[in-house]
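The structure appears right after this line, and notes come after that.
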Number of protein chains: 2
Amino acid sequence: MRENKSQYAVLGLLGMGPMSGYDIKKKFEKIASNFWNASYGQIYPILKRLAGKGLATKSIEKQDGKPDRHIYALTEKGREVLRRWLVEPVARQIGRHEILLKLFFGKQVSLADNIRQVEHFRDLSIVELGNIKVTEEYLKTEKKGNPNLDYQLMTVSYGKHVNSAILNWCNETLSQLRKMADEKGT
Amino acid sequence: MRENKSQYAVLGLLGMGPMSGYDIKKKFEKIASNFWNASYGQIYPILKRLAGKGLATKSIEKQDGKPDRHIYALTEKGREVLRRWLVEPVARQIGRHEILLKLFFGKQVSLADNIRQVEHFRDLSIVELGNIKVTEEYLKTEKKGNPNLDYQLMTVSYGKHVNSAILNWCNETLSQLRKMADEKGT
DNA sequence: TAGAGCATGTAATAGGTTACATGATTAG
DNA sequence: CTAATCATGTAACCTATTACATGCTCTA
């Protein structure tokens, strides 16, 4: 087991309690969509592998009218592996920001095109900030008393800080682009 | 040609002037490392494909003592394709933030472990901010008068906004974690 | 004389998305 | 009656990293 992040993401969720692949997907969407996601095409093979390595155990829960649920639970060995990863310092990551890539080449198109692009990106950030606040409310009300709450709210806080900064950048950049358009028009 | 970002990244750089695969790599490292990167294993096959599709032309520049340079230049068709992509609105992207993934599962390890982790991440952000300022200086002095300068500085500004926000979040999170450690110690 | 820089490329592998396949129940 | 939700999984495909292969020159 080397550097597979998603494997640890799944391991981490199992660390909070036994659950199915379906649950894992839902959990990511509900409370971690801000900084992580995973598709079924990844989750199910990972669960299989974790069980194969003895890091999780599988049991089947029958339901009537609905498909069986395949519940995975972390083993002690699994928790060990998770802990070892959690304390390992993170490496520098270069996020790929498509908006910056486009703006970087902005000279190839018109100022109006660039303005449209940044305005649209600003709209996305506003929606994102809204989503984050919904997650925050959900955690604070529905998950009160949960021992993971403090940590989960820290990830929410990150989203608020970063998206506010992005919003400020959008506004600054937009006024600069508009100024450039004015000057050119004169 | 569908949704391949790196292909457009290469196309975009060629839009600034003819250059080699080697140049492309260097350029990304020098002025776009803040938001994009690409390995030779990607760049060379992409250049080949672009030439195959008639979006770029290839010519060989001999040098003495050094290997030949394979220079690619954008064709009109290539510029068309680039422009079409540039004006297309960006989609929502979910960045994967390993630090948040680890912190999210913070309950599985000690407060001291989490503090160490965030401190280390803060150090990375400080280095990052430094790199961004170096890029800014480089652009402002060495690239004065370059028609792409304004746009390139906007991407630098993004980095400054976001990394400052991250730094603030680190400090807030660290004081919260330390408070939690104090309370537990009492 | 060892290592870094110049310069191009391929092959193996890992990581990830999307489409496909199945099938019942429930809400609008 | 149609779409969504529940639920699991595989296969094909695309994207990206790393290792490998080559070989000259310049600097410490």
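Proteins get letters first, then strands, A, B, ... in listed order; numbering begins at 1 in each. Since the structure is predicted, the reported quantities are computational estimates derived from the model, not experimental observations.
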Nearest whole Å is fine: how far is [N] [atom2] from [X] [atom1]?
X	N	atom1	atom2	result
A/Ile43	D/dT10	CD1	P	14 Å
B/Asp23	C/dC6	CG	P	10 Å
A/Gln7	C/dA14	CD	C1'	11 Å
B/Tyr44	D/dT15	OH	P	21 Å
B/Tyr22	D/dG23	OH	C1'	14 Å
B/Lys30	C/dG5	NZ	C1'	14 Å
B/His70	C/dG9	NE2	P	5 Å
B/Asp68	C/dG9	CG	P	10 Å

Would you please name every residue forming a salt bridge (charged side-chain N to carboxylate O under 4.0 Å, His left out) with A/Glu172, sequence neighbours left out?
-> none
Report the residues that fulfil salt bridge (charged side-chain N to carboxylate O under 4.0 Å, His left out) with B/Asp113, sequence neighbours left out, ordered by chain and then residue number.
-> B/Arg116
Please tabulate the protein-to-nucleotide N/O contacts below 3.5 Å involving nucleotides 16-19 of chain C, giving atom names and distances.
residue, atom, partner, partner atom, Å
C/dG16, OP1, B/Arg96, NH1, 2.6
C/dG16, OP2, A/Ser6, OG, 3.3
C/dG16, OP2, A/Gln42, NE2, 3.1
C/dT17, OP2, A/Gln42, OE1, 3.0

With a 4.5 Å heavy-atom cut-off, do B/His161 and A/Ile166 have their side chains touching?
->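 B/His161 vs A/Ile166: side chains apart.
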Is there side-chain contact between B/Arg122 and B/Asn171, with at least one heavy-atom pair below 4.5 Å?
->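 Yes, side chains in contact.
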Hey, could you give me the CH2/CG distance between B/Trp36 and A/Leu101, rounded to the nearest 0.5 Å?
-> 5.0 Å
Ignoring hydrogens and angles, state whether a donor on the side chain of A/Arg96 or B/Ser6 is under 3.5 Å from an acceptor on the partner side chain.
-> yes
Nucleotides 20-28 of chain C: protein proximity per nucleotide (B base, S sugar-phosphate only, - neither; heavy atom, under 4.0 Å) = ---B-S---
Full working for salt bridge (charged side-chain N to carboxylate O under 4.0 Å, His left out) between A/Asp23 and A/Arg69 | CA-CA 10 Å; A/Asp23 293 338; A/Arg69 285 161 53 75; 2.7 Å; yes
Would you indicate, yes or no, if D/dA7 has its OP1 or OP2 atom less than 4.0 angstrom from a side-chain nitrogen or oxygen of A/Gln63?
-> yes
For A/Gln108 and B/Leu82, the nearest pair of non-hydrogen atoms, with its separation, is CG-CD2, 4.1 Å
Kindly confirm or rule out a cation-pi arrangement of B/Lys143 over B/Tyr138, judged by NZ or CZ under 6.0 Å from the six-membered ring centre and within 45° of its axis?
-> no
Pairs involving residues 75-119 of chain A, ordered by first then second residue, that meet ring-ring contact (aromatic ring centres under 6.0 Å, His included) (sequence neighbours left out) = A/Tyr8-A/Trp85, A/His97-B/Tyr158, A/Phe104-B/Phe35
All N/O contacts under 3.5 Å from nucleotides 1-4 of chain C to the protein, with atom names and distances to one decimal?
none

Looking for any heavy atom pair under 4.0 Å, which part of the strands does A/Lys25 touch: base, sugar-phosphate only, or nothing?
->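 A/Lys25: no heavy atom of the nucleic acid under 4.0 Å.
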For the side chain of A/Lys26, starting at C-beta, report the closest nucleotide among D/dC6, D/dA7, C/dT8.
->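 Closest nucleotide among those given: D/dC6.
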SB check B/Arg83 B/Glu88 (cutoff 4.0 Å) =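 Looking at B/Glu88 together with B/Arg83, the answer is no, because their closest N to O distance does not fall below 4.0 Å.
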